[in-house]
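These notes concern the structure reproduced below.
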Amino acid sequence: MSNVRVRFAPSPTGGLHLGGVRTVLYNYLFARQHAGTFVLRIEDTDQTRFVEGAEQYIFDCLKWCGLEPDESIQKPGEYGPYRQSERKEIYRKYAEELVAKGYAYYAFDTPEELEKMRVDFKTESNPSPQYDNKIRLKMKNSLTLPKNETESLLSMGTRHVIRIKMPEQENISFTDMIHGDVSFDSSVVDDKVLLKADGMPTYHLAVVVDDALMKITHAFRGEEWLSSAPVHILLWKYLFGLDKMPQWAHLPLIMGPSGKLSKRDGAKYGFPVFAMNWTDPRNNEFTEGFKEKGFLPEAFINMLAVLGWNDGTEQEIYTLDEMIKKFSMDRVHKAGAKFDYEKAKWFNHEWIKKLDVKNYKLKVEENLTAAGITINDDAQFEKILELVKDRCTLLTDFVQQASFFFSTPAQLDVDAVKAKWNDEKKNFFIAYTEKLQFISNWSLITVETVFKELAAEKNIKPGELQLPLRIMLVGGKFGPPVFQIAELIGKDETIQRIENAIKKF
RNA sequence: GCCGCGUUGGUCAAGGGGUUAAGACGCCUCCCUUUCACGGAGGAAUCACGGGUUCGAAUCCCGUACGUGGUACCA
């Protein structure tokens, strides 16, 4: 029995992108590997950024990826609630405790005053002044106000926040599972707001309180959080004790063509960044996801796993179980990685080839149906998928690669044939259809044998005739071996397609 | 600006004092295939730069440059 507890704590403000899913994956792998618990906590403390449906969307994405949490709002354990907005009262208590201990203070500065401060103290050498140990004594807070005035402001219900009082000069360091020893000088860290004027905690307070209360043992998050780690470490020290603090791992960032990949990037690079389709309810902006783009979840998480991690061998294709066995945080790369869509597609292609078609035929059928094709014979369908899967990089490619098995190609690549078309060939095909009529045991072999014998008889190279036949049956220069296709579409359909095509050449 | 983190081919990356500096994606050539793919064989990096340390450095140390993240009552 392990007591490892990890957590993924997204804020439900939009689509779930690559980096988020990878963070989930690493959490999940670590939890499974240590027979631990994977918790999903919703960080919805910013009420101004609430987005309808975003929470459910996150669950849907995790379900699709096969990375479902052990504890969450949908599956409560003993550490709920799992939604921070429902834990509001808890945080105030800890914030007050910090004030009482002298580690934090009340600040009454209005947004306008803060803005004024930033303008007034802005210099060339300090373009973005912080609310820190150097200026907090020039602001309106319980450090600068007489005690009784602070009390009266408080009792009057004056809007205020609680800020951490960063030590003047203290070296704050910790050992990160990926980066090793990291240290900061407290004098350059600002007095972060812990409790907002609306009574909600900021991420800084909430993450520490919740990790402590939810008994999190290992905390994994993106590297963008590294800079605020000193605040969190101090909070742990003041509130719960450093010995209880989880081990941190700051994951390298996944970069897009221009910097950190973010939710706002949507699909503007020509490839998806979200796990699944997402429509922003605020502006109806639609963003295509990896799922709908035609990715297999197996490929998606595989690709994500090795974007920043490898096991030291040459293996690249991993099942979830293999990843659980082999994953280790100390083999996670330190530097950020630029996402390569071409490689992502390669992973998908590999998984399409590797997996039995039963694993994805439903999804393909869905695509085919949307294209107006109805599947009647399931066994035949599977046979077809098996035949064309090597040619499909995305699940959506099956539409192009398999449609002609079910319906006569709408368009024929006439140009591919026309240049070398002549009466001799035309006569060959007319004769061929006549012979096909008499085949009783319709199969790849018989169809091909008749074809070759007739070609020999007419003294035409079979190779000269194969492309035309392909165009007749498929419509274009692609697909499995022609006779295989003829076998599958059947006698009548084969003959009919040849006859129809002849008229068009 | 300040602080943190990072830096091996176009991209993902192995390698952590002595190697011909793995492998994969993509690209190119060829083979297979009288379609397209699959598959197979090849081609293209001296490890950001400058100093050290050492018999010896991609590997250790220090600078510089560059990249990236943070610098919000957002997460």
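Per chain, numbering begins at 1; letters A, B, ... match sequence-line order. Basis for what follows: all heavy atoms, side chains included, without hydrogens, waters or symmetry-related copies. Keep in mind that this is a model prediction, so the values were computed, not measured.
Here the side chains of Met245(A) and Ile233(A) are in contact, with some heavy-atom distance below 4.5 Å. Counting heavy atoms from C-beta on, the side chains of Thr393(A) and Ile352(A) never come closer than 4.5 Å.
Base pairing in RNA chain B yields stems of at least 3 consecutive Watson-Crick or G-U pairs, both distances under 3.5 Å, namely B:1-7 with B:65-71, B:10-12 with B:23-25, B:27-31 with B:39-43, B:48-52 with B:60-64.
Closest non-hydrogen pair, Phe405(A) versus Gln401(A), comes out as CE1-O, 4.0 Å.
Look at Arg331(A) and you'll find a side-chain N or O under 4.0 angstrom from OP1 or OP2 of rG15(B). Residue Lys353(A) places at least one side-chain N or O closer than 4.0 Å to OP1 or OP2 of rG39(B). In this structure, His333(A) reaches the rA14(B) phosphate: one of its side-chain N or O atoms is under 4.0 Å from OP1 or OP2.
Comparing atom distances between the Arg391(A) side chain and each of rC36(B), rA22(B), rC74(B) picks out rC36(B) as nearest. Residue Lys196(A) places its side chain closer to rC74(B) than to any other of rC74(B), rC5(B), rA24(B). Closest contact between the side chain of Glu342(A) and the listed nucleotides rG26(B), rA75(B), rA37(B) involves rG26(B). Listed nucleotides: rU71(B), rA75(B), rC73(B). Nearest to the side chain of Arg118(A): rC73(B). Picking from rA75(B), rC73(B), rU11(B) the nucleotide with the shortest atom distance to the side chain of Glu43(A) gives rA75(B). Side-chain atoms of Pro462(A) lie closest to rU34(B) of the nucleotides rC73(B), rU11(B), rU34(B). Here the side chain of Ser128(A) is nearest to one of rG1(B), rA37(B), rG10(B), namely rG1(B). The Asn310(A) side chain lies nearest to rA13(B) when the options are rC74(B), rC5(B), rA13(B). Which of rU35(B), rU68(B), rA72(B) sits closest to the side chain of Asp190(A) comes down to rA72(B). When distances run from any side-chain atom of Glu314(A) to the nucleotides rC73(B), rC2(B), rA22(B), the shortest one goes to rA22(B).
Applying the salt bridge (charged side-chain N to carboxylate O under 4.0 Å, His left out) criterion to Asp390(A), with sequence neighbours excluded, gives no partner residue.
No contact: Gly476(A) has no heavy atom under 4.0 Å from any strand. Base engagement by Leu114(A) is indicated by at least one non-hydrogen atom pair under 4.0 Å involving a base atom. At the heavy-atom level, Val388(A) lies nowhere under 4.0 Å from the strands shown. In this structure, Ser183(A) reaches the sugar-phosphate backbone alone: every heavy-atom distance under 4.0 Å involves primed, P, OP1 or OP2 atoms, never a base. When heavy atoms are screened at a 4.0 angstrom cut-off, Ala337(A) is found touching the sugar-phosphate backbone but no base atom. If you check every strand for non-hydrogen atoms under 4.0 Å, Glu223(A) touches a base. Using a 4.0 Å heavy-atom distance criterion, Pro230(A) is classed as making no nucleic acid contact. Pro481(A) comes within contact range of at least one nucleobase, with a heavy-atom separation under 4.0 Å. Among the protein residues, Asp109(A) comes within range of the nucleic acid bases, having at least one heavy atom under 4.0 Å from a base atom. Here Val207(A) lies out of heavy-atom contact (under 4.0 Å) with every strand. Within 4.0 Å of Thr45(A), counting heavy atoms only, lie sugar-phosphate atoms of the nucleic acid but no base atom. Within 4.0 Å of Arg163(A), counting heavy atoms only, lie sugar-phosphate atoms of the nucleic acid but no base atom.
For the pair Lys334(A) and Trp309(A), nearest-nucleotide mapping onto RNA chain B gives the more 5' position to Lys334(A). When each of Glu350(A) and Leu226(A) is assigned the nucleotide of RNA chain B with its nearest heavy atom, Leu226(A) is the one assigned upstream, toward the 5' end.
Taking 3.5 Å as the limit, the base of rG69(B) and the side chain of Ser227(A) contain a donor-acceptor pair of atoms between them. At a cut-off of 3.5 angstrom, counting only N and O atoms as typed in the model, there is a donor on one side and an acceptor on the other between the side-chain of Lys343(A) and the base of rA24(B).
In this structure, Arg118(A) does not pair ionically with Asp120(A), as no charged nitrogen and carboxylate oxygen lie closer than 4.0 Å. Taking the charged nitrogens against the carboxylate oxygens, Lys343(A) and Asp340(A) have no contact shorter than 4.0 Å, which rules out a salt bridge. Between Glu86(A) and Arg83(A) there is a salt bridge, since a side-chain N of the basic residue sits under 4.0 Å from a carboxylate O of the acidic one. A salt bridge does not link Lys196(A) with Asp198(A): none of the charged nitrogens is closer than 4.0 Å to a carboxylate oxygen.
Aromatic ring orientation, Tyr360(A) versus Phe398(A): tilted (interplanar angle from 30° to 60°).
The one candidate from Asp46(A), Asp210(A), Asp44(A) that meets the side-chain hydrogen bond (donor to acceptor under 3.5 Å, both in side chains) condition with Gln84(A) is Asp210(A).
Rounded to a whole angstrom, the distance from the P atom of rG40(B) to that of rC32(B) is 16 Å. Between the P atoms of rG63(B) and rC3(B), the separation comes to 13 Å (whole Å). Taking the C1' atoms as reference points, rA57(B) lies 15 Å from rC49(B), given to the whole Å. A gap of 28 Å separates the P atoms of rG50(B) and rG69(B), to the nearest Å. Between rC27(B) and rU20(B), the two C1' atoms lie 24 Å apart (nearest whole Å). With C1' as the reference atom, rA48(B) and rA41(B) are 35 Å apart, rounded to whole Å. Spacing of P atoms, rG56(B) relative to rU11(B), comes out at 33 Å, to the nearest Å.
In this entry the distance linking NZ of Lys88(A) with C1' of rC73(B) reads 13 Å, nearest Å.
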